[in-house]
Amino acid sequence: MRIAVIGGGPGGLYFAYLWKRRHPDAHIDLFEQNPEGATWGFGVVFSEQALEFLRADDPETVDAITPRMESWKNITLNLRGESVEIDGIGFSSIGRLELLTILQQRVRVAGVAARYGTTIQSLDELGGYDLIVAADGLNSLVRRGFEKEFGTSISHSTNKFAWYGTSKRFATLSQTFVKTDLGSFNAHHYRYSPAMSTFLVECDAATWQAYGFEHKTIEQSQAICEEIFADTLEGHPLVSNKSVWRNFPWIWNENWSHRNMVLIGDALHTAHFSIGSGTRLAIEDAIALTKALEAETAIPAGIARYQAERKPIVQKLVTAARTSADWYEHFPEHMKLDLMDFAYSYITRSGRIADARLRAMSPEFMARYEAAKKVGSQA
C-alpha cells in the first residue's frame with residue numbers, strides 16, 4: 001500500500017509511525033511544511049492518565065515520552081488575590097517541540113520517508129497513492145478543497161487568546177483571573193519542562209477592544225499582558241512564538257473521508273484548549289484509523305469503519321468541549337461569584353461532573369465547598 005500523510009504534527013507522525021511499524025512493506029511518504037525541529041506554541045497538556053491509553057499497543061512510545069513529562073494532581077484557581085486548589089484532577093504536560101522530536105525519531109527509525117520543509121500546493125501532486133491521510137491541521141489543504149463533500153462547518157468563539165510561554169515554573173495547572181479598569185483576563189498556565197511553562201492569555205471581545213489590541217504589535221500586546229499578570233509572573237517575562245491574538249476555531253466535518261482521502265486531528269475536528277484533549281484526540285484518531293483499516297480488506301470499507309466507530313466518541317468529547325468553552329465566554333460574569341462558588345462553577349462547567357462524582361474525585365475541595373455553603377446558609 002502506498003500512503004501519503006500530509007502534516008507532521010502529533011497525529012500525522014503517529015499514524016505514519018504506527019502503520020509502518022505494523023506494516024513494514026507499506027510505502028509511506030510524510031509531507032510537513034515546517035522544517036524538522038520547528039514548531040509554534042509551547043507545552044501541550046494531557047488529562048490524568050497522560051499517554052497510558054497507548055501502553056497496551058505501544059509501550060515503547062509511552063516509555064520514551066513519559067519520563068519527559070511534568071505531572072501534578074491538583075488544579076489551582078486564583079481570583080481576587082485568593083487561591084483554591086481542586087484536588088484529584090491530574091494532568092501531565094510536555095513541550096510540543098519535545099513531543100514532536102520524539103515522534104520524528106520514531107518515524108525515522110520505522111523507515112517512513114519524511115519530507116520536512118515541503119509544502120503540498122495541490123492534491124494533483126499526490127497521484128498514485130492508495131490512501132491520503134490529511135493530518136494538516138486547522139487550514140487543511142485537503143479539507144478546504146472538498147468542504148462540501150466533507151460536510152465542513154467552521155465557526156469561532158468570541159473570546160480572544162494569545163499563546164505565550166514563560167520561565168516561571170508553576171506547581172500545578174493553574175487559572176488566574178484578573179479584573180482591570182478596562183476588562184477581565186484569564187491566564188491558563190502550567191509547567192511543561194523543568195524550566196518553562198505555557199502561559200495562555202484569554203479575554204472577551206469587549207476587553208480586547210477596550211485595550212486596542214487590534215492596533216498593537218505582538219511586542220506591545222506581550223508587554224501589556226506582562227503588566228496585567230505581573231503578580232502571577234513574579235518578574236519572569238513572557239516569551240512569544242507567533243503569539244498573535246486569535247479566536248478559537250470550531251471545525252467539524254460530517255463526512256470523514258472523500259475518495260481516497262481521510263481526515264484526522266484538527267483537520268477533522270477541534271476541541272477547546274480548556275479540556276486539554278486536542279493532541280490526545282489526534283493521536284487517538286491515528287490509532288482508530290489504523291485499526292479500522294486493518295479490520296477490513298478494502299480501503300473504502302476501512303475508512304467507513306473508522307468513521308462509524310470513532311465519530312460517536314469524538315462527538316461526545318467535542319460536545320463537552322463546547323460546553324466548557326461556553327463557560328469561558330462568560331468568565332467575567334462568573335468572576336463576580338465568591339471564591340468557592342466560582343471554583344464549583346468552574347469544575348462542573350462541562351456538565352460531566354455531578355456532585356457525587358466530585359465528592360469521590362475531589363474530596364478535599366468538596367468538603368471545603370460544602371462547609372462554606374453550610375456557613376452561608378446559616379448566616
Side-chain angles (χ1 to χ4, degrees), residues 41-52 65-96 98-99 161 163-178 185-202 225 228-239 272-280 320-321 324 327-328 331 334-335 337 339-350 352-353 357-369 372:
F42 295 91
V44 294
V45 66
F46 295 87
S47 55
E48 191 160 15
Q49 298 304 314
L51 294 175
E52 288 304 304
I65 295 174
T66 300
R68 311 289 185 88
M69 302 186 90
E70 297 285 325
S71 300
W72 54 89
K73 291 295 185 183
N74 298 343
I75 291 176
T76 304
L77 301 180
N78 305 302
L79 177 68
R80 293 188 295 270
E82 297 182 283
S83 297
V84 58
E85 285 202 0
I86 303 176
D87 51 307
I89 313 292
F91 285 90
S92 295
S93 64
I94 187 171
R96 180 176 172 83
E98 188 160 20
L99 175 62
F161 72 94
W163 192 1
Y164 299 103
T166 180
S167 54
K168 168 70 185 292
R169 179 179 165 89
F170 296 97
T172 71
L173 186 149
S174 308
Q175 303 262 309
T176 298
F177 297 83
V178 175
F185 290 84
N186 171 35
H188 309 239
H189 43 89
Y190 56 87
R191 69 183 190 273
Y192 64 83
S193 78
M196 285 294 293
S197 297
T198 285
F199 201 93
L200 188 151
V201 179
E202 181 179 15
C225 291
I228 290 167
F229 289 100
D231 291 344
T232 304
L233 291 166
E234 296 182 328
H236 291 263
L238 291 178
V239 179
H272 194 255
F273 51 79
S274 63
I275 67 169
S277 295
T279 301
R280 175 172 177 165
S324 175
W327 187 92
Y328 282 95
F331 78 82
H334 301 307
M335 288 172 64
L337 299 170
L339 180 65
M340 296 309 296
D341 283 335
F342 175 81
Y344 179 82
S345 173
Y346 165 83
I347 200 59
T348 59
R349 69 191 184 282
S350 70
R352 295 188 297 172
I353 302 178
R357 181 183 173 191
L358 194 52
R359 288 189 192 97
M361 186 172 63
S362 308
E364 293 177 18
F365 167 73
M366 276 302 279
R368 183 179 172 186
Y369 170 72

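Here the structure is a predicted model, which means the values were calculated and not measured. All values below come from the heavy atoms of this structure, side chains included, with hydrogens, waters and symmetry mates left out.
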Inset, instruction - Please lay out, stage by stage, how Asp341 and Tyr369 fare under the test side-chain contact (heavy atoms from CB on, under 4.5 Å). - result: CA-CA 8 Å; Asp341 283 335; Tyr369 170 72; 3.5 Å; yes
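- Note: Phe342 and Trp327 meet the aromatic proximity criterion, with ring centroids under 6.0 Å apart.
- A centroid separation of 6.0 Å or more is found between the aromatic rings of His236 and Phe199.
- Counting only heavy atoms from C-beta outward, the side chains of Ile347 and Ser362 never approach each other to under 4.5 Å.
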Inset, instruction - Begin with the C-alpha distance, continue with both residues' side-chain angles, and end with the deciding distance and a verdict on side-chain contact (heavy atoms from CB on, under 4.5 Å) for Leu337 and Ser345. - result: CA-CA 9 Å; Leu337 299 170; Ser345 173; 4.1 Å; yes
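- Rounding to the nearest 0.5 Å gives a distance of 7.5 Å between CZ of Arg191 and OG of Ser71.
- Closest of all the heavy-atom pairs between Gly95 and Tyr192 is CA-CD1, 3.3 Å.
- More than 12 heavy-atom neighbours from other residues, nucleotides or ligands sit within 6.0 angstrom of CZ on Arg169.
- Taking CD of Glu52 as the reference point, atom OG of Ser92 lies at 9.0 Å (rounded to 0.5 Å).
- With sequence neighbours excluded, no residue satisfies side-chain contact (heavy atoms from CB on, under 4.5 Å) with Pro67.
- Using a 4.5 Å cut-off on side-chain heavy atoms (C-beta onward), Asp87 and Pro363 make contact.
- A heavy-atom distance below 4.5 Å is found between the side chains of Val44 and Leu99.
- Atom CD1 of residue Ile65 and atom CZ of residue Arg68 lie 9.5 Å apart, to the nearest 0.5 angstrom.
- The two residues Thr172 and Ser174 come nearest to each other via the heavy atoms O-OG, 3.0 Å.
- Residues Thr198 and Arg96 form no side-chain contact, since every pair of their non-hydrogen atoms from C-beta on lies 4.5 Å or further apart.
- Counting heavy atoms from C-beta outward, Glu70 and Phe91 have side chains that stay 4.5 Å or more apart.
- In the model, Thr76 has no side-chain atom that pairs as donor or acceptor with a side-chain atom of Ser83 under 3.5 Å.
- Atoms CZ and OG, from Phe273 and Ser324 in turn, are 9.0 Å apart once rounded to the nearest 0.5 Å.
- The minimum heavy-atom distance linking Arg349 with Tyr328 is given by the pair NE-CE1, 3.5 Å.
- Summarising the geometry of Met69 relative to Ile94, their closest heavy-atom pair is CG-CB, 4.2 Å, with the distance given to 0.1 Å.
- A donor-acceptor contact closer than 3.5 angstrom links the side chains of Thr176 and His189.
- The closest side-chain heavy-atom distance from Ile75 to Tyr346 is below 4.5 Å.
- For Phe331 against Glu202, the heavy-atom pair with the smallest separation is CZ-O, 3.9 Å.
- Ser197 places a side-chain N or O within donor-acceptor distance of the main-chain N or O of Lys168, the cut-off being under 3.5 Å.
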Inset, instruction - Apply the test side-chain contact (heavy atoms from CB on, under 4.5 Å) to residues Asn74 and Trp72: give CA-CA distance (whole Å), side-chain angles for both, the deciding distance (0.1 Å), then the verdict. - result: CA-CA 6 Å; Asn74 298 343; Trp72 54 89; 5.8 Å; no
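- Residues Leu200 and Phe161 come closest through the heavy atom pair CD2-CB, 3.8 Å.
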Inset, instruction - Could you please spell out the steps behind the side-chain contact (heavy atoms from CB on, under 4.5 Å) verdict for Phe170 and Thr232? - result: CA-CA 10 Å; Phe170 296 97; Thr232 304; 3.8 Å; yes
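- The CD1 atom of Ile86 sits 10.5 Å away from the CE atom of Met366 when rounded to the nearest 0.5 Å.
- To the nearest 0.5 Å, atoms OH (Tyr190) and CE (Met196) are separated by 11.5 Å.
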